Amino acid sequence: MNLPDADGSITNLSNAALIVKNADCVPIVYVDKIAGYIGISHNGWRGSLKRLAPKMIQKMVSLGSKIEHITCALGPAIGLCCYEVDEDFYYEFMGEFEIYAKQIFQFRKGRWHVNLTLLNCLLLREAGVKKVNIDFFPFCTKCDQKRFFSRRRAKHEDFERMFNFIVKFK
Ligand SMILES: [Zn+2]
């Protein structure tokens, strides 16, 4: 059975793989071993702006998960070092995340840079996920060309992507 394409999926089916392909965007996997749910989401700038990660948490809780049982891992994504954004992006994000501005934005070489991984960690914390239950990779997909693909590094539309997946085995 194939689940419909979406930026976020949750299931309690065993032996079902939830997959996100990425190349700079932030992939997040979610697990609640007690309630038996797994989830995955693809958090680009649009999904982050729309608070997809907290929505995933809310959905898991509505399905019966307890917030303290949910653990999350954020996969490799573009780092603050390489994620330059324009003024429109900056102001749009400031409108939504001003309380995190000092943590997620840096002005370098005349351009705003944003830390999308940290923003998603903060959003998961805001949704109630325990700090000890959130793990993330400190790597940058654009800088680390030996290990990762990067849309921004590729500079063309048919860029290679990485697979992130989670499977629940019985
Ligand atoms: Zn970088």
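As the structure is a computational prediction, the values presented were derived from the model and not from experiment. Note that ligands are numbered from 1 as they come in the structure, with each ligand's atoms numbered from 1 the same way. Count residues from 1 along the sequence.
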Q: Check the Zn ion (ligand 1) and write out every protein N, O or S atom at under 2.8 Å, as residue and atom.
A: Cys81 SG, Cys82 SG, Cys140 SG, Cys143 SG
Q | side-chain hydrogen bond (donor to acceptor under 3.5 Å, both in side chains) against Ser48, all qualifying residues, sequence neighbours excluded | A | Asn120
**Q.** Aromatic ring pairing Phe137/Phe139, orientation class (parallel under 30°, perpendicular over 60°, tilted between)
**A.** tilted
Q.
List the residues meeting side-chain hydrogen bond (donor to acceptor under 3.5 Å, both in side chains) with His42, not counting sequence neighbours, and say none if there are none.
A. Asp7
(Q) Could you check whether Arg51 pairs with Glu126 (Lys NZ or Arg NE/NH1/NH2 to Asp/Glu carboxylate O, under 4.0 Å)? (A) yes
Q | Pairs meeting criterion side chain to side chain donor-acceptor pair (under 3.5 Å) with involvement of residues 131-147, two or more places apart | A | Asp24-Thr141, Asp144-Arg147
Q. Are Tyr30 and Ser65 close enough that a side-chain donor and a side-chain acceptor fall under 3.5 Å?
A. no
